[in-house]
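A, B, ... follow the sequence lines: proteins, then strands. Residue 1 opens every chain. Side chains are part of it too, since the values below use all heavy atoms of this structure and drop only hydrogens, waters and symmetry mates. The model shown is predicted, which means the values in this text are computed figures rather than measured ones.
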Amino acid sequence: DQQVKQNSPSLSVQEGRISILNCDYTNSMFDYFLWYKKYPAEGPTFLISISSIKDKNEDGRFTVFLNKSAKHLSLHIVPSQPGDSAVYFCAASTSGTYKYIFGTGTRLKVLA
Amino acid sequence: DAGVIQSPRHEVTEMGQEVTLRCKPISGHNSLFWYRQTMMRGLELLIYFNNNVPIDDSGMPEDRFSAKMPNASFSTLKIQPSEPRDSAVYFCASSFVRHPGELFFGEGSRLTVL
């Protein structure tokens with residue numbers, strides 16, 4: 001069973017507009033969430049994270065929102081740029097386990 | 001500072017052959033993870049080590065898969081015998097346990113089993 005779900009396999013957005021990538025999880029024990037970005041033929045690279053004690057974390061054009069009651073997090077990219085075109089993975093972990101569970105990924109395409 | 005190093009980058013083999021994938025984590029990191037990427041399951045955790053000790057291998061699909069970490073700077077993932085459904089990209093990642101969340105991934109080993 002998939003504990004971390006990314007229900008949109010792909011997303012296309014116009015350059016300059018907002019990209020919103022969504023992620024749902026089922027395990028209420030998860031307390032740390034991350035987003036990774038992956039380009040073809042490369043390993044995933046860390047983008048941004050959020051602890052369950054927060055509901056928002058911002059880093060430049062990237063903002064992650066966490067809704068614990070809905071077990072939902074989202075990544076907002078504003079403004080979107082062609083270089084943001086990649087596969088985005090969300091991941092979750094529980095303190096003390098260091099076990100990171102990843103979703104299936106969403107392929108973002110930013111159109112110039 | 002060198003990142004996580006994986007070898008080989010590409011491996012093509014025939015069904016039934018033994019496959020060994022190798023990983024050198026970032027120096028100083030004390031956790032090491034093996035993931036497999038497939039279209040259907042995304043990044044699937046196979047096994048992870050903390051201080052060279054396997055902590056959770058519940059993601060290892062079958063007894064055909066085994067992983068070792070003989071020291072802090074080297075790990076192997078072995079598949080014996082390999083099957084076509086094992087074809088995937090296998091990633092190794094490492095982290096320093098005091099900073100959870102920043103997994104550093106290697107570039108992956110793309111395995112094709114014919």
Identify whether B:Phe33 and B:Leu21 are in the same connected component of the hydrophobic contact network (ILVMFWY, side-chain heavy atoms under 4.5 Å).
-> no

Compare all side-chain heavy atoms of B:Leu103 with those of A:Tyr36 and state whether any distance is below 4.5 angstrom.
-> yes

Which bit of B:Gln37 comes within less than 4.5 Å of chain A, counting heavy atoms only: side chain, backbone, both or neither?
-> side chain

Closest heavy-atom pair, B:Gly42 versus A:Phe89, reported as atoms and distance to 0.1 Å, is CA-CE2, 4.4 Å

Residues from residues 101-112 of chain A approaching chain B under 4.5 Å (heavy atoms) | A:Phe102, A:Gly103, A:Thr104

For B:Leu45, is it the side chain, the backbone, both, or neither that has a heavy atom closer than 4.5 Å to a heavy atom of chain A?
-> side chain

Check side chain to side chain contact (heavy atoms under 4.5 Å, CB included) between B:Gln17 and all other residues, then give those that pass, not counting sequence neighbours.
-> B:Thr13, B:Glu14, B:Ser82

Is there a path of hydrophobic side-chain contacts, each under 4.5 Å between heavy atoms of I, L, V, M, F, W or Y residues, that connects B:Ile55 with B:Leu43?
-> yes

Verify same cluster id: A:Ile20, A:Val87 (apolar side-chain graph, 4.5 Å) | no

Other residues, nucleotides, ligands: >12 heavy atoms within 6.0 Å of B:Asp63 CG | no

Check whether B:Arg110 gets within reach of chain A through its side chain, its backbone, both or neither, counting any heavy atom under 4.5 Å.
-> neither

Nearest-0.5 Å distance, CZ of residue B:Phe105 to CZ of residue A:Phe46 | 11.5 Å

Evaluate whether atom CZ of A:Arg17 has more than 12 neighbouring non-hydrogen atoms of other residues, nucleotides or ligands under 6.0 angstrom away.
-> no

Would you find more than 12 non-hydrogen atoms of other residues, nucleotides or ligands less than 6.0 Å from A:Lys68 atom NZ?
-> yes

Are A:Leu34 and A:Ile48 in one and the same hydrophobic cluster, where Ile, Leu, Val, Met, Phe, Trp and Tyr link if side-chain heavy atoms are under 4.5 Å apart?
-> no

Are B:Tyr90 and B:Val113 linked, directly or through other ILVMFWY residues, by side chains that come within less than 4.5 angstrom of each other?
-> yes

OH of B:Tyr35 to OH of A:Tyr100, rounded to nearest 0.5 Å, is 8.0 Å

Which portion of B:Ser58 sits near chain A, non-hydrogen atoms under 4.5 angstrom = side chain

